Amino acid sequence: MYDELKFSNCNHSKDPLIGCALEGVASVIAGIKDVSIVIHSPQGCSSTVASAFDSHEVDFTKRKVGCTRLFESDIILGASEKLENLIREADNTFNTKVMFVVGTCAADIIGEDIKGLCDSLQSEVKSKLIPVFAGGFRGNAYDGIDIGLKELLNFIEKSEDKIANTVNIIAPQGSINPTWWADLNWLKSVLDFLGIRVQTVIPYDISLEDLIDASKASANILLSQDVGYKFCKKMEEEFNIPLILNDIPLPIGLENTARWLRELGKYFKIEKRVEKLIKQGEDSVISILRRRALMIIPRYRNCKIAISADATMGIGLVRMLFKELEMIPELILLRSSNSEMSKILDKELKELCINPKVAFGVDGYQIKEALKSVYVDSIIGSSWEKYIGEEIGIKLSFDNFSPTNRDVYVDRAYMGYDGMLNMLEIIGNDWERSYRSKEIDWAENFK
Amino acid sequence: MNKKLDNDSSVVFQGRLSELYKLAKEGKIPTSLQGSHTRPCKFWTATKILSGINNSVIITHGPSGCAYGVKKTYKLTNSRNSGSIYEPVISTNMDEKKVVYGGDKELDGAISEVYEKYHPDVIFVASSCATGIIGDNIDAIVEKKSKEIDAEIMAIHCEGFAGEYRSGFDLVFEQIVKLMDPPKEELKEELKYSVNIVGGKMGAERTEVQTDVKELIRLVTDMGAKVNSVIAGNCTLEELRKAPSVAVNCALCLDIGYAIGNTMLKEFNTPLNSTILPYGIEATKKWLMGAAKYLHMESEAEALIKKEFKEIEEEFEEAKAKLKGKTAIIEGHDAVKCLSIAHMLERDFEMDPIIYNFHPWSTDARQTSIDYLLETGMDPKILITKGTLAFGKYESMKQTEEELMNFIGDLKPETTVYFGSSLSFPKIPVVDLNAILNRPRFGFKGALKVAKCINTALQYSFRERSAMFKKIVFPEENVGLTSNSLTSKLGNDLPDCTMYGERRRGKCMMS
């Protein structure tokens with residue numbers, strides 16, 4: 001069992017590192033093509049929606065967002081007319097197939113009848129109107145993704161016919177890889193190589209029609225360990241699609257990738273082909289590291305490291321850092337909290353025979369306190385951890401995750417073989433920069 | 001103004017600023033902002049100012065998203081751009097149950113916890129839409145807790161729906177005056193050669209990046225005076241307490257500085273020196289002489305002005321010779337900035353400025369700056385085309401660009417210069433004063449940077465604009481562009497900082 005950290009003075013006050021439910025809902029909508037979104041809210045909520053669209057890198061020419069900009073009188077008197085006018089205006093201008101009409105905290109609390117309005121307007125507008133309540137108080141961004149996914153269930157049609165060797169990929173956006181769709185693309189290429197067809201990605205770059213036949217897939221793969229379990233459970237209950245590979249870490253690092261691919265091969269009975277893929281991938285990583293990074297083990301060996309990430313990235317990293325780079329994970333701080341992923345982590349730590357301190361659903365204060373209480377040489381995380389680390393004297397931080405300070409022009413997978421190299425490249429560069437002599441305060445060190 | 005546009009169907013307004021102002025006040029021109037062109041809400045703008053006060057903690061009484069948004073945008077940007085330490089923004093994390101049963105207990109508990117965890121000088125309790133609607137009694141809780149903890153504590157009623165974008169700035173600037181001590185003779189004597197720079201916002205604002213503030217501080221210091229505090233940019237509670245005793249408050253941004261300057265004037269009789277943003281020589285002279293008057297340092301200021309001008313004279317005169325008598329088309333997306341640039345181009349360079357697409361919404365939001373310009377005898381020409389009022393952000397941008405091309409038509413590049421974003425592609429020389437290489441823009445050094453920027457832009461105006469970049473901004477079939485390319489021009493219509501708060505430096509609107 002892991003050694004879970006406890007924090008005092010955290011019952012009523014949170015220093016959040018993830019957004020609210022609205023952002024999660026918007027992040028599901030942003031994965032659907034040819035949609036517009038009308039937000040029934042004060043104008044500030046638009047920025048939360050924009051943040052979700054940013055995280056999908058939705059081309060700005062395709063951002064079709066309107067907001068009713070509610071003010072005090074609207075809150076007192078209601079604002080149905082304002083919403084109706086905006087829906088009509090957006091319908092005429094944006095001309096999209098689907099329009100999500102989203103109520104945030106204010107509209108949600110005052111009880112605006114968004115559903116009723118959408119029903120009554122439907123025959124008069126071209127877009128299909130989909131009302132969603134997404135008050136930020138309904139939870140954090142992960143809860144919001146669950147709310148959004150639940151809405152999508154309505155568009156999946158029941159089918160007893162399953163197509164052999166097909167999968168749905170669920171919740172690829174539940175990841176803090178700054179270019180998370182690269183992991184999705186890696187997975188697609190692997191499946192393609194193995195002769196497994198992707199039925200539907202739920203949801204990234206799909207149309208609502210693509211959801212109809214999602215029930216025909218023979219299995220679901222959840223590409224997040226932070227979110228999507230509820231949706232997958234529903235898919236299992238309603239459409240009889242099993243969730244596979246759900247009890248091991250995602251394919252991060254050599255061992256995890258091999259194990260994950262072997263499990264996949266076992267399920268689809270394509271073990272031989274999988275072995276070929278593993279051999280190719282491992283040979284490529286080893287060859288490149290032999291030529292370009294021979295010093296990684298002397299450098300990183302026994303470096304005490306804190307992992308501060310989501311479960312999707314963080315759990316897989318434990319094995320990679322401990323076994324492949326010979327680092328020592330002393331602290332594991334995960335932004336989400338759910339029983340499925342905590343079981344996977346527990347199993348991993350037992351198998352690896354290590355006992356780091358662990359905390360789930362951490363906020364900024366808890367990350368800082370944890371880093372102060374456990375000695376580490378380095379942190380792998382985002383720019384949040386970089387600044388927190390700087391303040392408390394940890395000079396070495398690997399800025400791999402969102403929000404990162406890096407410009408990333410070419411998409412970088414973190415899963416799979418190239419994904420491991422992508423992560424190592426960042427680790428290598430950040431290490432180099434931290435340990436240049438000009439970064440060391442000699443006068444301070446030798447006084 | 002160009003007569004050929006008189007009958008142009010794309011024109012919504014063509015005339016002087018004073019005429020537009022009058023029409024807006026009389027309700028004869030629509031002044032509402034399109035639903036696709038949202039600005040930050042009152043909560044965001046209030047917390048932005050609060051973010052500039054050191055060792056204070058903001059507790060946002062509401063769901064976590066409100067705290068997270070402002071923290072990601074302002075605090076992360078501050079850490080990234082100015083090296084400030086990691087700062088929390090706390091949320092009471094209101095969930096469904098608390099929305100139903102009330103969040104008073106949560107807030108009470110949060111205040112105690114925040115005091116224990118951070119020991120701040122000040123705790124600000126900012127209300128959100130959710131807690132504003134359910135009617136949690138924030139004032140009563142704040143009153144009660146103020147007796148239990150050894151820190152200043154203040155309620156800020158800034159629900160996102162409770163006012164326009166601008167109202168959050170004004171609210172906080174008026175309220176933080178309550179943290180100030182009345183002037184004392186002894187302190188006034190100590191600070192008789194000191195000023196406050198008021199109306200600052202911590203963070204990477206395009207008109208207020210630290211280099212601009214630093215340049216103003218340098219000028220004040222070189223004049224022989226001191227700066228007590230930049231309010232609210234990295235200021236402390238102690239500085240705030242002493243603030244009313246300085247010789248004069250100098251407004252950094254006239255609009256945003258007016259609320260605090262005026263409140264301090266009424267409350268403590270602290271004089272206010274307010275001019276348009278100190279872009280260019282005339283505005284900087286006014287800014288300095290306005291301060292010097294209350295510091296009794298007029299001769300020092302005059303000597304400084306003379307010295308500073310001498311250092312830039314050659315390049316400034318070179319730019320002026322190239323611009324004098326020409327028409328300046330100034331992009332009107334950022335209201336205060338475009339008015340300040342118009343002031344500079346007319347007064348310093350003797351150009352004929354036309355502000356292109358000054359959104360009528362700004363006549364209300366930027367009233368102070370407009371009043372100032374009109375009072376000082378400046379009444380620039382304004383041209384507003386339909387695209388400015390069109391629904392749809394990209395749609396509006398594309399339409400205004402086409403209308404700009406139509407407006408410029410066969411205007412000669414030899415006699416017309418465009419002052420605006422490089423994201424526009426008129427066939428006349430483009431001077432983009434936003435580029436980070438051109439900082440500071442304030443003061444004499446700023447005037448020199450502006451002159452250099454103009455000289456370089458004119459020298460290389462023979463070069464065709466990048467075809468690659470044009471395709472990026474205006475894709476032929478609206479494909480192939482990522483949100484990373486959404487820089488200052490469009491970003492200006494978005495809740496500010498949103499576009500660069502989240503991720504990578506490349507998205508920063510300062511470029």
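For clarity, every value in this text was computed on a predicted model and none was experimentally measured. First the proteins, then the strands, lettered A, B, ... as listed; each starts at 1.
- Comparing B:Glu116, B:Glu164, B:Lys117 by how many heavy-atom pairs each has under 4.5 Å with chain A, the most go to B:Lys117.
- We find the CH2-OG distance between B:Trp44 and A:Ser47 to be 3.5 Å, quoted to the nearest 0.5 Å.
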Could you go through A:Ser51 and B:Lys72, starting from their C-alpha distance and side-chain angles, then the distance that decides it, and tell me whether this counts as side chain to side chain contact (heavy atoms under 4.5 Å, CB included)? CA-CA 10 Å; A:Ser51 196; B:Lys72 184 179 64 175; 2.4 Å; yes

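- Neither the backbone nor the side chain of A:Leu22 comes within less than 4.5 Å of any heavy atom in chain B.
- Contact count against chain B (heavy-atom pairs under 4.5 Å) is highest for A:Asn11 among A:Asn85, A:Leu70, A:Asn11, A:Asp74.
- For the pair A:Lys64 and B:Glu395, the salt-bridge criterion is met [side-chain N within less than 4.0 Å of a carboxylate O].
- The aromatic rings of A:Trp384 and B:Tyr86 sit perpendicular, their planes meeting at an angle over 60°, well past the 30° parallel limit.
- Ranked by heavy-atom pairs under 4.5 Å with chain A, the list B:Ala390, B:Cys129, B:Ser91 is led by B:Ser91.
- Going from atom CD1 of B:Ile133 over to atom CD1 of A:Ile75 covers 4.5 Å, rounded to the nearest 0.5 Å.
- For B:Phe391, the parts lying near chain A are the backbone and the side chain together; criterion is any non-hydrogen pair under 4.5 Å.
- The candidate from B:Thr92, B:Ile134, B:Val114, B:Asp108 with the greatest count of non-hydrogen atom pairs under 4.5 Å with chain A is B:Thr92.
- Looking at every heavy atom in both residues, B:Glu113 comes nearest to A:His12 through OE1-N, 3.0 Å.
- One finds the CZ atom of A:Phe137 at 11.5 Å from the SG atom of B:Cys66 (value rounded to the nearest 0.5 Å).
- At a 4.5 Å heavy-atom cutoff, the contact between B:Ile90 and chain A is made by backbone and side-chain atoms alike.
- Of residues 93-101 of chain B, those residues lying under 4.5 Å from chain A by any heavy-atom pair are B:Asn93, B:Met94, B:Asp95, B:Glu96, B:Val99.
- Aromatic ring pairs are classed by plane angle as parallel below 30°, tilted from 30° to 60° and perpendicular above 60°; the pair B:Tyr394 and A:Phe60 is perpendicular.
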